[in-house]
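For ligands, and for the atoms within them, numbers begin at 1 and follow the listed sequence. Values below: every heavy atom of this structure, side chains too, minus hydrogens, waters and symmetry copies.
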Amino acid sequence: MFQIHARQPWNRPGLPVTDESAWVSRRQILKASAATLGTVALTPSALAQDPDEQIRKTLPPVKPPFPVKRSPRHLVTERPVTPELTSAAYNNFYELGLSKSDPWRNADKLRTRPWTVTVKGLVGRPFEIGIEDLLKEAMEERVYRFRCVEAWAATVPWTGFPLHRLLKRAEPKSEATHVRFVTVHQKDLPGVVAADYYNWPYYEGLTMAEAMHELTLVTLGSYGRALPAQHGAPVRLIVPWKYGYKSPKSIVTIEVVKGQPKTFWNDSQPTEYSFESNVDPKVPHPRWSQANERLLGSGKEVPTRYLNGYEKQVGTLYR
Ligand SMILES: Nc1nc2c(c(=O)[nH]1)N[C@H]1C(S)=C(S)[C@@H](COP(=O)(O)O)O[C@H]1N2
Ligand SMILES: [Mo]
């Protein structure tokens with residue numbers, strides 16, 4: 001698999017390139033051998049080394065308000081939901097490290113309490129909301145396709161509520177055109193320390209129409225529990241028709257602005273990651289095709305869908 005957001009030669013870190021697909025297959029091999037060996041493999045030390053057990057430990061316990069009711073209007077029928085442990089073990093969250101297994105391995109390093117989200121900028125009523133109050137909002141579970149620009153894809157049940165609820169509460173001014181999002185800045189996180197050539201904290205943006213769209217989800221949970229660190233605890237955005245980097249994790253600021261805001265990946269590699277970044281099989285990345293995608297879990301290759309299969313809902317935004 002290609003190294004996705006590969007650094008340019010002049011800023012490439014001196015880190016060994018971690019082969020993420022090797023991790024996934026190693027996990028499968030370990031599981032397979034454990035199954036073959038039967039009880040022999042289930043000694044306490046073998047169990048402690050079982051990769052699934054290690055990953056499971058990073059998942060928050062299920063407690064109220066989770067799980068919440070799944071929305072029948074937001075389902076994915078043509079592909080299976082990605083197994084929870086597969087999603088939890090293969091992530092892009094550069095603050096927690098640059099390889100796919102770093103985020104879950106470093107999950108305990110992200111501090112997620114206390115947590116406040118500030119909604120500000122060109123609004124009549126700026127406000128702050130604590131994580132305890134965010135968790136009191138009416139939420140639903142939505143199963144969405146998820147597509148990383150690296151050409152892997154997942155299908156994930158997310159729990160949350162539409163971003164437009166928070167934006168309307170803040171009363172955006174008429175001159176506002178865009179919304180920008182900023183991730184928490186914890187300077188001691190391993191990826192932030194290792195990749196000091198990036199412009200931390202991570203920041204992203206959407207047009208006002210995209211931000212106000214019903215599909216754009218303030219996300220507090222996944223797989224019927226609170227978000228684990230590696231998925232962007234305690235609160236992230238999910239924008240299912242765009243490449244994954246348009247879905248910032250661990251958000252602390254939502255700012256309504258005038259003019260297109262700068263974004264982390266576009267600033268870092270402008271020729272490779274555009275502001276819009278809609279999923280589109282016909283627009284190749286400069287270094288690889290986007291015609292197909294690989295489903296996490298099965299590894300099956302399937303054709304990429306325009307707007308990640310959400311053309312019916314969001315197509316009018318781009319015509
Ligand atoms: N703060 C922050 N948000 C981020 C990223 C990141 O490195 N930092 N990576 C993005 C990318 S490239 C992808 S593909 C998705 C991955 O989300 P997942 O790991 O929950 O599947 O998160 C996005 N949000
Ligand atoms: Mo991504």
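Around atom 10 (C) of ligand 1, the closest heavy atom drawn from Y94, Y198, Y245 belongs to Y245.
Here N91 has heavy atoms under 4.0 Å from ligand 1 in both its backbone and its side chain. Of the heavy atoms in F146, only side-chain atoms (C-beta onward) come closer than 4.0 Å to ligand 1.
Those atoms of ligand 1 with a heavy atom of R236 less than 4.0 angstrom away are 15 (C), 17 (O), 18 (P), 20 (O), 22 (O). Shown in contact with T183 at under 4.0 Å from a heavy atom are these atoms of ligand 1, numbered in order with element: 1 (N). For ligand 1, the atoms closer than 4.0 angstrom to any heavy atom of C148 are 14 (S). When each atom of ligand 1 is checked for a heavy atom of F93 under 4.0 Å away, the hits are 1 (N), 2 (C), 6 (C), 7 (O), 8 (N). Counting the atoms of ligand 1 from 1 in the order shown, those under 4.0 Å from a heavy atom of P248 are 3 (N), 24 (N). Proximity to S247 (heavy-atom distance under 4.0 Å) selects the following atoms of ligand 1: 22 (O), 23 (C), 24 (N).
Of the options K242, H285, K246, E272, a side chain to side chain contact (heavy atoms under 4.5 Å, CB included) to V149 is made by H285 and by none of the others.
Taking the six-membered ring where tryptophan is involved, the planes of Y318 and W241 are tilted, since the angle between them lies from 30° to 60°. Ring planes of Y144 and H74: perpendicular class, angle over 60° (limits at 30 and 60°).
Side chain of N91 to backbone of W104: no donor-acceptor contact under 3.5 angstrom is found. The main-chain N or O of P60 is found under 3.5 Å from a side-chain atom of R225 such that the two form a donor-acceptor pair.
At a threshold of 4.0 Å, the pair K258-E175 does not count as salt-bridged, since none of the basic side-chain nitrogens sits closer than that to a carboxylate oxygen. Between K109 and D102 there is no salt bridge, since none of the side-chain N atoms of the basic residue sits less than 4.0 Å from a carboxylate O of the acidic one.
Considering both main-chain and side-chain atoms, W265 never comes within under 3.5 Å of ligand 1 through any nitrogen or oxygen pair.
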